[in-house]
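Only heavy atoms go into these numbers, but all of them, side chains included; no hydrogens, no water, no symmetry mates. Lettering follows sequence order; numbering is per chain, from 1. What you are looking at is a predicted structure, and each value in this text was computed from that prediction instead of being measured.
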Amino acid sequence: MIRIDVTSKHYGESQVLGPIAFEIAKGETVAVLGPSGIGKSTLLRIVAGIDTRFEGTVQRPERMAIVFQEPTLLPWRSVIQNLTLVHPDLSRDAAREMLAKVGIGDKADLFPGQLSLGQQRRLALARAFAGNPDFLIMDEPFVSLDAATAQTMLDLTKTLIRDVGPATLFVTHARNEAEALSARILELRGNPATLGPHLISAKEKP
Amino acid sequence: MSGRGSIPAASLFGLLILWTVAATLTADPQVLPQPWALAGPFLRELQSGDLLYHLGATLLRVIWAFALAMGIGCALGLLMGRFEKIDRWLDPWLVVFLNLPALVLIVLCYLWIGLNETAAIIAVTLNKVPNVTTVIREGARAFDPNLDAMARVYRISAWTRLRHVLIPQLAPFITAAARGGLAVIWKIVLVVEFLGRSSGIGFQIHLYFQLFDVAMVLVYALSFIAVMLAVEWTFLQPWERRVRRWRVA
C-alpha cells in the first residue's frame, strides 16, 4: 500500500502544493494530470523520496523504480551494465532477456550514446522493470517523442505493467496517455495546487 | 607535414637547433656545452650506476607524493564539492595553503619533522593537495542531479554509486589534476632534495651547481625530463584514452 499525505510544499516564501492525499493500491495505475508548471514534478519528487523538504508523510515500499523525462542513463557504462549495476542481483542472462523484451536485445554491449533517443528510453524502461518494482514512478516518459514512437512506447509500458504488476504513479499533461494505460485519473489544479474532484474512480473504471 | 608525431618532432628539433646556435655563439662549454657534448658524461654516469640510483630515488619520492596528494586531494575535493557545510569550514584553510609558498612549507617541514624522508614527502604532498582539491571540488559541484535522484530511488549502494556514478563524472577533472600534479610535484621534489636530501636528481644538481658543472646539471635534468615524458606517454595518456572511450564510441 502506498499512502501519500502531503500538507504543503513551499519554495522559499511561495507555496506550490496545498493538501494532497491519495492512496495507490497494489497493481493500480494512477495518473496525475495537469498543465505544465502546476507542480506535478514537485509532487512526484516528493513521492519518490528525492525531495524530503515538505510537510506531510509518504508511505512507500522498498523496491521502487523511476522513469524520468530524460533517459538518465550512465553514459560511461555499457547498455547491459546500466541494468546490472543498478540491479546487482540481476543475472546477465536476465538482463539480456529484459533488453530483448524492450526491443534492444542486440545493443547490450554498446554505450548508451550510441543508441537513438527512442532506444535510450527503451533502456530506461527496461531498467525500471528489471528490478520487479512494487512501485513505479513515471515523469512524462513519452514527452518529446514523435507520435508513432510514443504509441509503441505506450504499448510497451502497458505490456510491462501487466507482466510485472507494480503500483504505478504516472505524471503527464496528456489525458490520452493516461486513458491508454487505463489509469485512475487525478487532476492537479490551482495555486497552491491541490487535487481536483477526480473524474474516474477505481470502481467506475470500465 | 603528415602524421601525428611529425609536428612535435619538428618542434623539438627546432629547440635542439636553437641550443646548438646558442652554444656556438657562447663558445664556452663551461657556460653552455653543445648538445652532443653531453653524450660522454651521460654514458659515464649511466655506467657508474649513479644516474640510475638518483633517478630511482627521485622517482620513488614523486610516486609517493603523487599518490598521497591525489588520494587526499580527491577525497577532500569530493567532500567539499558535495557538502556545502564542509566547504564553508575548509575553504579558508584551502586559501591559506594555496597561497603558502612552496619554500616555506618545505623549510617548516624540515625544521619540525627533521631532515628525513618523511618530511620530504609530506612537504611535497602538502604543496600539491590544495591544487588537487580545488580542481576536484569544481568537478564535484558539477555532478548531474538527475543521476543522483536516479541512484537514490533505485537505492544504489554507496560503493557502486561512487565507482560507477560519481567517479566517471569526475574523470576529466581527475585527469587534469593528475597532469598538472605530476608536473608540479617533480619540480617540488627537486627543490626538496636540493635543500635537504643526500640522494636524488635535486641533490646531484646541487652538487654540480657548487662545482659549476653545467654539463652534469643538464645531464641530470634532461634525464629526469625524459623519464617524466615516458610516464606521460605510457601511463597518463593511455589511461585518459581508456576513460574517454564512451565519448568517442
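Contact annotation for residues 148-157 of chain B against chain A (heavy-atom separation below 4.5 Å, listed by residue number): A149(B), M150(B), R152(B), V153(B), Y154(B), R155(B), I156(B). The contact list for residues 64-83 of chain A toward chain B, using heavy atoms and a distance under 4.5 Å, reads M64(A), A65(A), I66(A), F68(A), T72(A), L73(A), L74(A), P75(A), W76(A), R77(A) by residue number.
No more than 12 heavy atoms of other residues, nucleotides or ligands lie within 6.0 Å of CD in E97(A), so this atom counts as exposed by the packing criterion. No more than 12 heavy atoms of other residues, nucleotides or ligands shown are found within 6.0 angstrom of CH2 on W89(B). The 12-atom threshold is not exceeded at CZ of F97(B), counting heavy atoms of other residues, nucleotides or ligands nearer than 6.0 Å. The local environment of CZ in F235(B) is sparse, with at most 12 non-hydrogen atoms from other residues, nucleotides or ligands closer than 6.0 Å.
Checked against side-chain hydrogen bond (donor to acceptor under 3.5 Å, both in side chains), T84(A) has no partners two or more places apart in sequence or in another chain. Taking E117(B) as the reference, R61(B), R197(B) meet the side-chain hydrogen bond (donor to acceptor under 3.5 Å, both in side chains) condition, with sequence neighbours excluded.
Comparing G131(A), A128(A), A48(A) by heavy-atom pairs within less than 4.5 Å of chain B, the highest count is held by A128(A).
Proximity to chain B (any heavy atom under 4.5 Å) is shown, for R63(A), by neither the backbone nor the side chain.
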